[in-house]
Amino acid sequence: KIICTGISCSGRKELMHDFQVLCEKKGLKIGFFNVGDFMKQAAAEAGIEFTEKVLDSDTAVLALARKSAFYEIANLAQNHEHAFIGIHACFRWRGVLLEGISFRDILNLSADVFINVVDNLEDIAKRMSENPQWSGMHRDEINVWIDEEEFLTKQLANLSNKPYYIVTKNHNLENFYDLLFSQKKKLYLSYPITLLRETPEKIEQIRAVGARLAKFFIVFDPLDIKDM
């Protein structure tokens with residue numbers, strides 16, 4: 001089972017969608033599950049409507065919907081060789097840090113690997129400004145939430161004694177597939193970004209080398225995030 005976290009508007013859902021298309025083309029027997037969708041379904045079946053800003057809904061209702069979602073996903077996942085589960089590790093809402101998933105839930109899911117999806121702060125902020133749920137979020141709040149989501153995902157992985165990786169919304173899909181399902185060695189493309197800012201052509205040369213290495217290794221390029 002693959003646990004995939006990422007704050008709202010991080011591009012996690014888009015990455016999951018694109019990766020699902022790739023997996024289907026490869027004939028991989030894998031199920032994709034987004035916990036938020038299952039929570040809304042569980043609430044609807046119980047005749048409950050969330051408010052427009054979902055996190056303003058009753059906390060007991062949210063907890064019950066999340067528990068129901070995990071139960072349904074755990075059952076459906078048994079029909080697949082692999083399961084890719086999208087979820088929030090936490091929420092930052094009205095100045096308060098809220099639970100997205102509990103340690104008990106994670107242990108019950110028996111995850112094999114944890115992925116945290118990130119994107120450029122500017123792009124996330126733009127998407128949030130266009131979304132009724134998140135339109136009031138400030139950039140400093142978003143930045144803190146990104147850090148919290150990464151930190152908590154890593155702690156969940158440590159608790160489960162499983163590997164943890166940060167990938168970007170635009171991570172090369174074939175490379176991502178290899179990360180999860182191959183034995184290729186991993187390589188971090190390390191170079192002095194600040195020192196080379198005045199010579200972008202040298203940065204592009206280095207990144208071109210990274211692209212060639214991606215045929216043989218799983219490559220992580222720090223400039224996949226433009227905020228760096």
Side-chain angles (χ1 to χ4, degrees), residues 1-7 9-32 80-87 89 111-127 143 146-158 160-228:
K1 294 188 181 77
I2 302 151
I3 300 296
C4 183
T5 68
I7 74 166
C9 302
S10 64
R12 171 176 56 84
K13 289 184 178 180
E14 291 83 351
L15 176 66
M16 283 182 65
H17 174 269
D18 293 344
F19 190 59
Q20 182 174 4
V21 172
L22 177 66
C23 289
E24 288 173 354
K25 287 181 179 177
K26 290 180 177 289
L28 189 70
K29 295 179 180 178
I30 181 169
F32 284 78
H80 302 273
E81 185 176 351
H82 307 282
F84 197 110
I85 303 168
I87 192 170
D112 297 294
V113 61
F114 289 78
I115 302 292
N116 178 233
V117 179
V118 296
D119 197 13
N120 307 308
L121 176 59
E122 182 179 347
D123 292 338
I124 293 176
K126 183 177 184 300
R127 291 185 207 114
N143 207 22
I146 291 171
D147 288 342
E148 291 167 339
E149 187 85 354
E150 289 181 12
F151 176 79
L152 285 173
T153 305
K154 185 175 182 179
Q155 298 315 304
L156 292 172
N158 289 339
S160 306
N161 196 28
K162 297 298 180 181
Y164 158 76
Y165 304 102
I166 298 175
V167 302
T168 69
K169 169 183 176 288
N170 297 317
H171 194 96
N172 180 279
L173 292 177
E174 288 286 354
N175 206 247
F176 188 41
Y177 185 92
D178 287 342
L179 172 66
L180 297 174
F181 301 115
S182 83
Q183 298 300 315
K184 284 185 179 180
K185 292 185 177 180
K186 301 166 188 67
L187 184 153
Y188 181 78
L189 197 62
S190 180
Y191 48 98
I193 296 171
T194 304
L195 185 65
L196 295 175
R197 282 198 186 278
E198 302 303 318
T199 54
E201 68 281 358
K202 291 186 178 180
I203 290 180
E204 289 308 312
Q205 289 174 6
I206 294 170
R207 299 192 77 194
V209 171
R212 292 197 294 272
L213 288 171
K215 297 178 182 178
F216 311 101
F217 300 93
I218 298 162
V219 177
F220 295 91
D221 183 347
L223 274 184
D224 281 341
I225 294 293
K226 296 183 178 64
D227 293 330
M228 306 224 18

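One is the number of the first residue; the rest follow in order along the sequence.
- Atom CD1 of I115 sits about 10.5 Å away from atom CD1 of I3, to the nearest 0.5 Å.
- Checking N116 against T5 by side-chain atom types alone, a donor-acceptor pair falls below 3.5 Å.
- Atom OG1 of T153 and atom CD of E148 lie 11.0 Å apart (nearest 0.5 Å).
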Exercise for the section: Tell me, with the steps shown, if H171 and T168 meet side-chain contact (heavy atoms from CB on, under 4.5 Å). Expected result: CA-CA 5 Å; H171 194 96; T168 69; 3.8 Å; yes

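- Taking NE2 of H17 as the reference point, atom CG of L22 lies at 12.0 Å (rounded to 0.5 Å).
- Using modelled atom types, one finds a donor on one side chain and an acceptor on the other under 3.5 Å when comparing N120 with D123.
- The aromatic ring centroids of Y188 and F220 lie 6.0 Å or more from each other.
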Exercise for the section: Check step by step if ring-ring contact (aromatic ring centres under 6.0 Å, His included) holds for F181 and H82. Expected result: CA-CA 10 Å; F181 301 115; H82 307 282; 4.9 Å; yes

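- Counting heavy atoms from C-beta outward, Y164 and E150 have side chains that approach closer than 4.5 Å.
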Handout entry: From CA spacing to verdict: side-chain contact (heavy atoms from CB on, under 4.5 Å), Y177, L28
Key = CA-CA 11 Å; Y177 185 92; L28 189 70; 3.9 Å; yes

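- Counting heavy atoms from C-beta outward, C4 and V117 have side chains that approach closer than 4.5 Å.
- Panel note: side chain E81, backbone K29; no donor-acceptor pair is recorded below 3.5 Å.
- Considering NZ of K186 and NZ of K184, their distance stands at 11.5 Å, rounded to 0.5 Å.
- Side chains of K185 and I218 form no contact here, defined as non-hydrogen atoms less than 4.5 Å apart.
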Practice task
Determine, stepwise, if the pair C23 / F32 fulfils side-chain contact (heavy atoms from CB on, under 4.5 Å).
Solution key: CA-CA 10 Å; C23 289; F32 284 78; 4.1 Å; yes

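- Closest approach of P163 and A157 over heavy atoms only: O-CB, 4.2 Å.
- A salt bridge does not link D112 with K1: none of the charged nitrogens is closer than 4.0 Å to a carboxylate oxygen.
- Note that CD1 of I7 and CG of D147 are 9.5 Å apart. Values are rounded to the nearest 0.5 Å.
- Rounding to the nearest 0.5 Å places CZ of F217 at 12.0 Å from CG of D178.
- For the pair K154 and F114, the cation-pi test (distance below 6.0 Å, angle within 45°) is failed.
- Note on D119 versus R12: no salt bridge recorded, every NZ/NE/NH1/NH2 to OD/OE distance being 4.0 Å or above.
- A salt bridge does not link K215 to E174: none of the charged nitrogens lies less than 4.0 Å from a carboxylate oxygen.
- Summarising the geometry of A89 relative to L156, their closest heavy-atom pair is CB-CD1, 4.5 Å, with the distance given to 0.1 Å.
- Across all their heavy atoms, L15 and L173 have their closest contact at CD1-CD2, 3.8 Å.
- Between L121 and I146 the shortest side-chain heavy-atom distance falls below 4.5 Å.
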